[in-house]
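Counting convention: from 1, in listed order, for ligands and their atoms alike.
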Amino acid sequence: MNRHFIEETDLTATEFREILTNAIELKKSWQSGAIRDSLHNKTLAMIFEKASTRTRTSFAAGMAQLGGHALDLSPANSQLGRGEPITDTSLVLSEMVNAVMMRTHSHKTIVDFASVSRIPVINGLSDFLHPCQLLADMQTFVELRGEVGGARVAWIGPGNNMCNSYIKTAQLLDFTLAISCPDDVLPNEQLLASCSAHVEMCDSPEDACRQANLITTDVWASMGEETDGDRLTASLRPYQVDQALLQLAASDAVFMHCLPAHRGEEVTADVIDGDQSVVWQQAGNRLHAQKSLLEFLIL
Ligand code: CP
Ligand code: NVA
């Protein structure tokens, strides 16, 4: 059966955990200098409608490290920019490559693309979700603190694509997501309702952070929301993650941020550059988590 990774729940909890376990193995093996060619002769097409540093680099390097190849497509350098239908592009790529990773403005574009695809389709970020980031975040937590099930995770900031992905993952992996966000930037309503057993909507960032094992946040204006930047900044100003919030968390709490970050906005420099921040390990784990995902989907 052709599998996709468009949302976290395209995997069972067991599969999600197995991918994390393999990611940790792949990381050790790569760091030891071992050669692996599990994806020899395989090609991944990457379609980017929006900018990317980590996603682009980790998928390209990951394919190369597994003996395969990645191809960078965007509307500007393909016929997508000249109006070729997304489903025609999907049918063509199914004839030529082994998987597709897409970063799109609209989540529906990925769903439409996948609806006719005969090869695995991976969501590399949409306006709704960012599931690859959650693989890396969960790998990082497991490496540092062990099991994430039962943990308390605090989301401070906009109810955006990353927040939605945390909600889905809380339900899948059985942790509590304590969310503090302004009323005008709430997460997806349907998603909140369907995952309510694993989500706590908090009245303040302080309430969310109290006894948290992980605190995470994201930029106030996501890609595509820049024109709304002033409103978002005004709403989110009281939601900056600073030392005072971190002090309320469990003593061994870690701070994560999917990056890119804006120091002095959603997080203070002393938090993101401080001892409890694990953002560089988290970013590096994009590579290993996605290599594991690629093996799961392609092999
Ligand atoms: N976190 C993340 O997806 O980063 P990029 O936008 O650089 O890919
Ligand atoms: N919420 C951010 C995440 C970037 C990785 C965005 O969509 O721009």
Side-chain angles (χ1 to χ4, degrees), residues 5-8 23 44-63 70 72-74 100-110 122-141 155-169 177 179-182 184-188 191 214-229 231-233 235-236 239-241 255-263 265-267 272 277-291 293-294:
F5 187 57
I6 297 172
E7 39 190 81
E8 290 76 1
L44 172 74
M46 308 191 293
I47 297 175
F48 285 101
E49 290 183 359
K50 305 194 237 195
S52 168
T53 297
R54 280 145 287 269
T55 305
R56 188 190 307 276
T57 309
S58 52
F59 271 108
M63 283 302 293
D72 200 343
L73 297 171
S74 73
V100 178
M101 188 282 301
M102 310 177 73
R103 168 167 289 195
T104 59
H105 293 287
S106 165
H107 190 73
K108 183 175 181 300
T109 305
I110 303 180
I122 299 169
N123 178 356
L125 182 147
S126 69
D127 57 349
F128 181 41
L129 296 169
H130 194 5
C132 290
Q133 185 68 51
L134 266 290
L135 282 178
D137 290 17
M138 294 301 104
Q139 180 187 340
T140 308
F141 192 88
W155 174 271
I156 311 298
N160 64 8
N161 46 6
M162 276 298 300
C163 183
N164 290 336
S165 271
Y166 262 95
I167 294 171
K168 272 193 167 282
T169 309
L177 185 67
I179 298 178
S180 176
C181 70
D184 59 344
V185 207
L186 289 171
N188 183 276
L191 192 56
L214 159 61
I215 297 180
T216 186
T217 185
D218 192 9
V219 289
W220 290 341
S222 283
M223 289 179 277
E225 296 178 344
E226 290 82 359
T227 53
D228 213 11
R231 178 186 70 87
L232 290 166
T233 299
S235 290
L236 285 153
Y239 294 79
Q240 183 184 68
V241 177
F255 172 77
M256 292 191 198
H257 190 310
C258 64
L259 306 178
H262 296 128
R263 288 169 177 77
E265 294 186 13
E266 73 273 10
V267 61
I272 195 169
S277 171
V278 296
V279 297
W280 311 123
Q281 180 174 342
Q282 177 192 4
N285 281 341
R286 294 291 304 276
L287 173 67
H288 312 294
Q290 288 159 195
K291 283 165 74 175
L293 175 70
L294 288 164

Using side-chain heavy atoms (C-beta onward) and a distance below 4.5 Å, is Ile110 in contact with Asn123? yes

How far does NZ of Lys50 sit from CG of Leu125, to the nearest 0.5 angstrom? 5.0 Å

Would you say that Val267 contacts Gln240 through its side chain, given a criterion of any heavy-atom pair below 4.5 Å between the two side chains? no

Once you round to the nearest 0.5 Å, how far does CG of Leu186 lie from CG of Asn160? 12.0 Å

Collect the protein residues that have a non-hydrogen atom under 4.0 Å from ligand 1 and hand them over in chain and number order. Ser52, Thr53, Arg54, Thr55, Arg103, His130, Gln133, Cys258, Leu259, Arg286

Of all residues at least two apart in sequence or in a different chain, which pass the salt bridge (Lys or Arg N to Asp or Glu O under 4.0 Å) check with Arg231? Asp184, Asp228

Those residues at least two apart in sequence (or on a different chain) that pass side-chain hydrogen bond (donor to acceptor under 3.5 Å, both in side chains) with Arg103 are Thr55

Please give the N or O to N or O pairs under 3.5 Å between ligand 2 and the protein, distances rounded to 0.1 Å.
from, atom 1, to, atom 2, distance (Å)
ligand 2, 1 (N), Asn160, ND2, 3.4
ligand 2, 1 (N), Asn161, OD1, 2.8
ligand 2, 1 (N), Asp218, OD2, 2.6
ligand 2, 1 (N), Ser222, OG, 2.7
ligand 2, 7 (O), Asn161, ND2, 2.8
ligand 2, 7 (O), Ser222, OG, 3.4
ligand 2, 8 (O), Met223, N, 2.8

Interatomic distance, Cys163 atom SG to Asp218 atom CG [nearest 0.5 angstrom]: 9.5 Å

Separation between OG (Ser58) and NE2 (His288), nearest 0.5 Å, reads 10.0 Å

Between Thr217 and Trp155, is there a side-chain heavy-atom distance shorter than 4.5 Å? no

